[in-house]
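Reviewing the structure listed below.
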Amino acid sequence: MPKNLTQKILDAHIQSGDKIPGSPVDVKIDQTLTQDATGTMAYIQLEAMGVDQVKTELSVSYVDHNTLQSGFMNADDHAYLQSVAAKHGVLFSRPGNGICHQVHLERFAKPGKTLIGSDSHTPTAGALASIAMGAGGLDVAKAMAGLPYTIPYPKVVEVRLEGKLPHGVSSKDIILELLKRRSVKGGVGKIFEYTGEGVKDLSVYQRATITNMGAELGATTSIFPSDERTLEFLTKQNRAEDWLELKADPDAQYDDLEIINLSELKPAAACPNSPDAVKDIAELKGQKVDQVAIGSCTNSGFEDMMKAAAILKGKTVAPNVSLVVSPGSRQVMIKLMENGALQTFVKAGARVLECTCGPCIGMGQSPKSDGISLRTFNRNFYGRSGTNSAGVYLVSPEVAAASAVAGVFADPTELDYQDSDFEHMTYVDDSMILKPSDNPEEVEIIRGPNIKPLPLNDALPESFNKKVVIKLEDNITTDHIAPAGAEVLPYRSNIEKLSTFVFRNNKEGFDKICKENNGGIIVAGENYGQGSSREHAALAPMYLGIKAVIAKSFARIHLANLINFGILPLVFENPADYDTIDEMDELVFENLDALNADQPLIVHNQTKNLDYALVPQFVQKDIPVLQAGGTLNYIRSMQA
Ligand code: MIC
Ligand code: SF4
């Protein structure tokens, strides 16, 4: 049977399970990555599992999110992460070395490997033909302990790229087109595999923009073949030996097909507040812009920076615009220094930031009230920039740079500038990547006061009555549940404190409501928990006593996180039942000692005197985990 590329790599890593779409399969994981905002929890969990040395081929810990250090908390986290990496066999990429996905792409990702990372944009490495997936920190810890990662066997969508991108149109516009067609929930349960003539004209950096933002489709991951362009990239990174040719067999089968003619694409923008609210720049042209930010793991590669520099060369930023630039890695930054592009940025009036996530996660550079901000990033969820009234638009580096000069939305296709054949990125520097210790037993783990012990859930009772403490609409993101930003992020290792911020933009005092009602139930619409992989969006509600989430549907990573922390994920068998539930209704859950993943659970609404059939979103083997109150409790009970 001819195989597509996804099947070739995935099937070679499947340890058990049926290769039927939707059915759970256990996947062997070759590489892991963590970043600091989710990493502290992942390593606290790894320690709790009693693992001495990681069992993967390669595990890397990056520090790129919380680098503001306004107070001791972030620095405490960094010190903990550096020591725990040294002790357990993990490489440590120091703060400032770059954004995890960019550095991993440049230095470590390999064709044919599997990678999971405690960050939803881990699929970036799909640009180098890895099967790379975002996961909760606990699942990454399990992978480091040598355990497989369980996913529903995906459907594979062929995205056939035809034609050639016109001048001024970039790979950002390809993924925005796909988001426009398929929406933020169109990718759930699917892997997007890119094929066709158009692929060979896309460099690895351009491919990485697409695989990165495939996360916004809700996709399991996205993947490109490993071809001459891949070899070219790896050679420039001094690792040609990591290359192998990988592509789909002729006549390979796919579950679905999407054809995009690159020649017909135009520059586009995702409008506030969703990555799928896509419009052509032509519709926005001339509207005033207040801020432009170039960077983030989506568009901070060497070529992205060079395209922006080509447009900014000899120009000055418009007086009404604040321009910030953050290259994705130190390697890129140094190269830009060498070839003069950094000078171009500074001369144009750009404010150059360190090589981290920065404004993408609301760590500084929040726009002014009602400000219009054009960003080369991947997410524009409500409030994420730190200014709730701001309008954030997601655009290519070309649109960003052109608009920074014009002071209004501008169309780069109308400008004359060099858009290819840049002197290629050949600078390699691993000096800020620390190797693990040769004497791990001598390494002492540094635990400052911000590193709090991990809270654990109670075992699931046989029955309980709980109130609906919040009722939410469709597409609730993990940014709604556990917000990010400079005020909150320092508490990622301190769940008690973090829990006071849960749903703060949806319901003031949510934590107090939970405390007064001894926990509760969350009710939500479609695609609950989309966006970030942060397990804090399950952990903090668990800490507040949330026992179940009843939704119309769930996003993949958040669903796994709920199970990991012992919260029951359930969907309405009859979606119309959603309309009959109100906040503060009291729900009765019974017979939980006899949970069956294949049968609906009947839950009684005592307030309305109604019964609901709720379909379990877990499989039979998750039941002991849920009954134990989560994965760590379960692992401990097995060890006892
Ligand atoms: C994000 O882009 O939302 C983040 C911050 O990188 C998250 C991880 C986190 O919350 O720490 C992600 O994408 O998983
Ligand atoms: Fe960092 Fe933003 Fe990328 Fe998340 S999306 S990893 S916050 S740059």
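The analysis underlying the following values was restricted to heavy atoms, covering all of them including side chains, and did not include hydrogens, waters or symmetry mates. Remember, it's a predicted structure, so these values are computed and weren't measured experimentally. As the structure lists them, so they are numbered: ligands from 1, and atoms in each ligand from 1.
Panel detail: atom 3 (Fe) of ligand 2 has protein N, O or S atoms under 2.8 Å away, 1 in number.
For S118, no nitrogen or oxygen atom sits less than 3.5 Å from a nitrogen or oxygen atom of ligand 1, counting backbone and side chain alike. Ligand 1 has no nitrogen or oxygen under 3.5 angstrom from a nitrogen or oxygen of T38.
Between R181 and E177, at least one side-chain nitrogen of the basic residue sits less than 4.0 Å from a carboxylate oxygen of the acidic one, meeting the salt-bridge criterion.
Checking S203 against E303 by side-chain atom types alone, a donor-acceptor pair falls below 3.5 Å. Between the side chains of T477 and H480, at least one donor-acceptor pair of N or O atoms lies under 3.5 Å. With no hydrogens or angles considered, a side-chain donor-acceptor pair links K172 and N299 at under 3.5 Å. No hydrogens or angles considered: a donor-acceptor pair under 3.5 Å links the side chains of T298 and N212. Side-chain contact annotation: T6 with E193, donor-acceptor N/O pair under 3.5 Å present. Side-chain atoms of Q530 and T478 include no donor-acceptor pair closer than 3.5 Å. There is no side-chain donor-acceptor pair under 3.5 Å between E106 and H101. For the residue pair T40 and S493, a side-chain donor N or O sits within less than 3.5 Å of a side-chain acceptor on the partner.
Counting heavy atoms from C-beta on, the side chains of V392 and F377 never come closer than 4.5 Å.
Considering only non-hydrogen atoms, atom 1 (C) of ligand 1 lies nearest to R379 out of M41, R379, H121. Between atom 2 (O) of ligand 1 and the options R534, R384, R492, the minimum heavy-atom separation is to R384.
Each of the atoms 5 (C) of ligand 1 lies under 4.0 Å from some heavy atom of I361. Residue A37 has at least one heavy-atom neighbour below 4.0 Å for each of these atoms of ligand 1: 11 (O). The ligand atoms of ligand 1 that sit less than 4.0 angstrom from a heavy atom of H65 are 4 (C), 5 (C), 6 (O). Taking a cut-off of under 4.0 Å to the non-hydrogen atoms of S533, the atoms of ligand 1 that pass are 12 (C), 14 (O).
Between L46 and A145 the shortest heavy-atom distance is CD1-N, 4.2 Å.
A cation-pi arrangement is present between K497 and Y491 under the rule of less than 6.0 angstrom and at most 45 degrees off the ring axis.
Summary of contacts: the protein heavy atom closest to atom 7 (C) of ligand 1 is S532 OG, 3.2 Å. Given atom 4 (Fe) of ligand 2, the protein heavy atom at minimum distance is H65 NE2, 3.8 Å. Closest to atom 6 (O) of ligand 1 among all protein heavy atoms lies D119 OD2, 2.6 Å. If you check which protein heavy atom lies closest to atom 13 (O) of ligand 1, you get S120 OG, 2.5 Å. Scanning the protein heavy atoms around atom 8 (C) of ligand 1, the nearest turns out to be Q35 NE2, 3.1 Å.
Using cut-offs of 30° and 60° on the angle between ring planes, the pair Y528 and H558 is perpendicular.
Contact analysis puts R384 in contact with ligand 2, with a non-hydrogen atom separation below 4.0 angstrom.
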